[in-house]
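Presented below is the structure to which this report refers.
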Number of protein chains: 2
Amino acid sequence: MAIYGDEESCDMRGMLGFLILFLLYEKKPMHGQEIADELAKRRGDRPSPGTIYPAIKGLKDAGYLHEEKKIGKTISYTLTPRGMKAFHVARRRFTKIFFGVLD
Amino acid sequence: MAIYGDEESCDMRGMLGFLILFLLYEKKPMHGQEIADELAKRRGDRPSPGTIYPAIKGLKDAGYLHEEKKIGKTISYTLTPRGMKAFHVARRRFTKIFFGVLD
DNA sequence: ATACCTATATAGGGTGTCCGATATATATAA
DNA sequence: TTATATATATCGGACACCCTATATAGGTAT
């Protein structure tokens with residue numbers, strides 16, 4: 001059971017999309033690699049392209065992300081109003097569940 | 001993609017064991033149904049027996065839980081020193097990842 | 001033009017969490 | 001005893017997140 005190893009007690013699966021919404025909520029325009037950078041700082045390990053881009057695509061297909069501008073192959077994303085609302089709902093739920101957990 | 005439905009933006013899968021550690025860290029002796037009660041209050045829906053008991057067993061097998069006392073079929077659990085340490089490690093990681101997310 | 005680096009993209013599948021269904025056991029009540 | 005309610009337990013599998021490997025394309029330099 002990987003979750004209960006010596007190093008980690010939870011794998012936090014299912015939080016990637018939520019984290020991306022949060023990052024875009026905080027720092028408006030970000031592209032894929034910037035998101036990966038920020039996740040690397042927070043999680044300790046950097047998500048691979050095969051992790052980050054499908055996650056972005058999922059959020060985009062849900063109508064939560066707007067492609068802002070393209071410079072070369074770089075694509076910047078911002079939250080749509082729908083994405084903003086989805087994040088607020090998710091954050092309220094997250095806060096209720098994990099109230100009191102943080103140091 | 002179930003995660004990005006209208007109601008929820010993340011399923012928070014992979015957090016159940018971590019939450020149980022947290023609940024036992026806060027309120028020392030709890031048995032299965034008390035844990036289910038508390039999770040019901042936080043998550044909104046009550047975990048079924050098929051969810052909660054395998055999760056407890058996983059933590060028990062990892063050496064994180066100590067069976068305190070049995071009254072009838074009721075079993076109360078507390079964190080072992082090892083479980084305490086595992087929770088501290090997990091909470092530090094959790095806090096780093098989700099810093100700034102809560103309302 | 002060629003080489004190289006970076007950013008984006010998809011497929012395919014491993015992996016493990018979580019849940020429904022089901023079973024067992026204890027305590028209490030009628 | 002019989003019935004009922006509660007607590008614990010296991011199994012079997014659906015589900016889908018995430019990763020490895022691979023591919024494509026734009027920018028830049030030589």
Side-chain angles (χ1 to χ4, degrees), chain A residues 1-5 7-21 24 29-40 42-62 64-77 90 97, chain B residues 1-5 7-21 24 29-40 42-62 64-77 90 97:
Chain A
M1 208 182 269
I3 304 177
Y4 306 115
E7 295 299 324
E8 308 179 14
S9 295
C10 54
D11 64 357
M12 298 170 190
R13 180 179 296 206
M15 308 301 297
L16 183 59
F18 176 63
L19 270 172
I20 293 174
L21 289 182
L24 289 173
M30 295 179 88
H31 60 271
Q33 291 305 311
E34 285 177 332
I35 293 172
D37 290 341
E38 187 62 31
L39 289 174
R42 288 175 174 264
R43 306 196 318 178
D45 64 325
R46 184 186 184 78
S48 67
T51 297
I52 199 72
Y53 291 109
I56 290 174
K57 180 172 170 27
L59 296 169
K60 193 169 55 181
D61 292 347
Y64 294 169
L65 266 47
H66 173 69
E67 295 191 355
E68 191 74 4
K69 53 184 175 178
K70 307 185 182 186
I71 305 170
K73 202 169 176 56
T74 299
I75 303 173
S76 289
Y77 294 99
I97 293 176
Chain B
M1 211 179 268
I3 305 178
Y4 306 115
E7 295 299 323
E8 308 177 15
S9 294
C10 54
D11 65 358
M12 296 168 192
R13 180 177 298 208
M15 309 303 297
L16 184 58
F18 175 64
L19 271 172
I20 293 175
L21 289 182
L24 289 174
M30 294 180 90
H31 59 270
Q33 290 306 309
E34 285 177 333
I35 292 172
D37 289 342
E38 188 61 31
L39 289 174
R42 286 174 176 265
R43 307 195 318 178
D45 64 324
R46 184 187 186 77
S48 68
T51 297
I52 200 72
Y53 290 108
I56 289 173
K57 180 171 169 31
L59 295 169
K60 193 168 53 181
D61 291 348
Y64 294 169
L65 266 45
H66 172 69
E67 295 189 357
E68 190 75 3
K69 51 183 175 178
K70 306 184 182 185
I71 306 170
K73 203 170 174 56
T74 298
I75 303 172
S76 289
Y77 294 98
I97 293 177

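Computed from a predicted model, the values in this text were never measured in an experiment. Numbers restart at 1 for each chain; the letters A, B, ... are given by sequence-line order, proteins then strands.
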TODO: Send over the distance from B:Ile35 CD1 to D:dT8 C1', rounded to a whole Å.
DONE: 12 Å
Open item on the list: Which heavy atom of A:Ala40 sits nearest to which heavy atom of A:Pro47, and what is that distance?
Closed with: N-CD, 4.3 Å
Task: Spacing of B:Arg43 atom CZ relative to C:dC19 atom C1', expressed in whole Å - done: 10 Å
Please tabulate the protein-to-nucleotide N/O contacts below 3.5 Å involving nucleotides 24-30 of chain C, giving atom names and distances.
none

Task: B:His31 NE2 to D:dA9 C1', straight-line distance once rounded to whole Å - done: 15 Å
Open item on the list: What's the separation between atom OG1 in A:Thr74 and atom NE2 in A:His31, rounded to the nearest 0.5 Å?
Closed with: 5.0 Å
- [ ] Take atom CD1 of B:Ile52 and atom P of D:dA9, then tell me their distance rounded to the nearest Å.
- [x] 12 Å
Open item on the list: Rounded to whole Å, how long is the line connecting atom CD1 of A:Ile20 with atom P of C:dT8?
Closed with: 12 Å
Task: Options C:dT8, C:dT10, D:dT8, nucleotide nearest the side-chain atoms of A:Pro54 - done: C:dT10
TODO: Please report, rounded to the nearest Å, how far the C1' atom of D:dT20 is from the CG atom of A:Asp45.
DONE: 15 Å
TODO: Using atom CG of B:Leu19 as one end and atom C1' of C:dC18 as the other, report the distance to the nearest whole Å.
DONE: 14 Å
TODO: Check whether any side-chain nitrogen or oxygen of B:Thr51 sits under 4.0 Å from OP1 or OP2 of C:dC19, and answer yes or no.
DONE: yes
Open item on the list: Let's see if you can work this out: which of D:dC19, D:dT8, C:dT10 has an atom nearest to the side-chain heavy atoms of A:Ser48?
Closed with: D:dC19
